[in-house]
Amino acid sequence: MDNENLDLCGLLEDVRRIKDSIKQNAYLFRQVLYTPASKLVFLIAGAVAAIVPLLYASYLKQYGHYAAIPENVRLWLILIISGGIVFSALGKLSAYHSARRHVSQPSVLKTLARLVSRQALWLYPGMFFTILFFVFLFLVQGNYHFILPTLAIGVGILLSTVGSFISLHDLFFFGSYSWIMGVVSVPFIIQNPRASLLWTSVIFGLGMFVFGVYLLINYRSDKEL
């Protein structure tokens, strides 16, 4: 009987530690998501991801193919995309450093170590390299239109998995939207490869922008932090 009580106490202690770990991870990621920098990143990156593909689609319809688009127009579009990527990267770094001041976490590696348990140690890098493999494969084959659903499904599953693992519902629903819409887009893209531009605008552009607006107006989570 004493051994059974000890086993039960040990089990309850393990459950308590798991719950504390989940709360700690969710707290950190909520801090990152709800910083002003992070909200601005989602809004601006979403706007860029929504507008630029539509511009490409318009120019392709006007000129027939990519090489026929005026060089200065292509340059400006590339600069806009590059600027959006750089801004997003800097904004995410700023959001992380801003959030890290509120938690006792000394390094990025230890933050990731808290998220990746032993059971899930190979899950995230495995999924990440699977995404890279298919992106590279489609690039080599010239099937550029399949890169969009690959990224949407892969990144969406990653985000929804992370959101589920740390009980962060905001991230879970955003990731679920991405991979579900990625799956829905496949038959349309197969039928019309150029439709991938429109789906890029819908999945990543509209998705990130709406998510940014949600973070901006969702005052409850700010109070919970």
Side-chain angles (χ1 to χ4, degrees), residues 41-42 45-61 63-69 71 73-90 92-93 108-109 112 115-117 119-165 171-209 211:
V41 164
F42 277 107
V48 171
I51 295 173
V52 171
L54 294 179
L55 290 175
Y56 267 114
S58 176
Y59 285 124
L60 286 173
K61 184 177 181 181
Y63 294 100
H65 55 90
Y66 180 77
I69 300 175
E71 187 175 352
V73 174
R74 284 184 285 165
L75 178 61
W76 274 110
L77 291 174
I78 292 173
L79 288 176
I80 293 173
I81 295 172
S82 301
I85 293 173
V86 171
F87 173 80
S88 298
L90 293 177
K92 289 176 181 177
L93 285 175
V108 177
L109 291 178
L112 294 176
L115 176 61
V116 182
S117 64
Q119 293 81 3
L121 184 61
W122 294 106
L123 176 63
Y124 303 115
M127 293 177 67
F128 178 75
F129 284 111
T130 299
I131 295 170
L132 289 183
F133 169 78
F134 280 106
V135 168
F136 178 76
L137 179 65
F138 291 137
L139 281 173
V140 172
Q141 294 178 341
N143 295 320
Y144 307 110
H145 47 286
F146 287 130
I147 294 176
L148 165 70
T150 300
L151 290 174
I153 295 170
V155 173
I157 291 176
L158 273 175
L159 293 178
S160 58
T161 301
V162 172
S164 176
F165 186 76
L171 200 61
F172 172 79
F173 287 116
F174 177 62
S176 297
Y177 167 83
S178 179
W179 74 259
I180 290 173
M181 293 300 290
V183 172
V184 171
S185 71
V186 172
F188 296 95
I189 293 174
I190 292 175
Q191 185 177 4
N192 178 19
R194 287 189 180 180
S196 61
L197 291 169
L198 302 179
W199 281 101
T200 299
S201 180
V202 171
I203 297 174
F204 290 114
L206 183 62
M208 285 192 292
F209 187 82
F211 189 60

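Values below: every heavy atom of this structure, side chains too, minus hydrogens, waters and symmetry copies.
Going from atom CH2 of W76 over to atom CG of L55 covers 13.5 Å, rounded to the nearest 0.5 Å. How far CZ of R74 is from CG of L79: 13.0 Å, rounded to the nearest 0.5 Å. A distance of 9.5 Å separates OG of S176 from CG of L171, quoted to the nearest 0.5 Å.
Contact check for I131 versus L158: side-chain heavy atoms found under the 4.5 Å cut-off. Under the 4.5 Å side-chain criterion, counting only non-hydrogen atoms from C-beta, L198 is not in contact with F188. At least one side-chain heavy atom of L132 sits under 4.5 Å from a side-chain heavy atom of F129. Two residues are said to be in side-chain contact when any heavy atoms from C-beta on lie closer than 4.5 Å; V73 and Y63 fail this criterion. Contact check for I51 versus I80: no side-chain heavy atoms found under the 4.5 Å cut-off.
Residue I69 comes nearest to Y59 through the heavy atom pair CD1-CB, 3.7 Å, listed as atom of the first residue, atom of the second, then distance. A pairwise comparison of heavy atoms in S201 and A50 identifies OG-O, 2.7 Å as the closest pair. The nearest pair of heavy atoms linking V202 to M181 is CG1-CE, 3.9 Å. Of all heavy-atom pairs spanning F146 and I190, the tightest one is CE2-CG1, 3.8 Å. Scanning both residues, R194 and K61, for their nearest heavy atoms gives NH1-N, 4.3 Å. Nearest heavy-atom pair across W199 and I189 is CD1-CG1, 4.1 Å.
Distance alone, capped at 3.5 Å, places no donor-acceptor pair between the S160 side chain and the F172 backbone.
Annotation for W179: atom CH2 does not count as buried by contact number, only 12 or fewer foreign heavy atoms lying within 6.0 Å. Other residues, nucleotides and ligands contribute over 12 non-hydrogen atoms within 6.0 Å of the CZ atom of F138. The number of heavy atoms from other shown groups lying within 6.0 Å of CD (Q191) does not exceed 12.
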Do F134 and I153 pass the side chain to side chain contact (heavy atoms under 4.5 Å, CB included) test, and can you show the C-alpha distance, the side-chain angles, and the key distance before you say yes or no? CA-CA 12 Å; F134 280 106; I153 295 170; over 6 Å; no
Checking side chain to side chain contact (heavy atoms under 4.5 Å, CB included) for the pair L197/L60: CA distance, chi angles, key distance, verdict? CA-CA 10 Å; L197 291 169; L60 286 173; 3.6 Å; yes
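Considering V186, I203, T200 as possible partners of P149, the one that fulfils the side chain to side chain contact (heavy atoms under 4.5 Å, CB included) test is V186.
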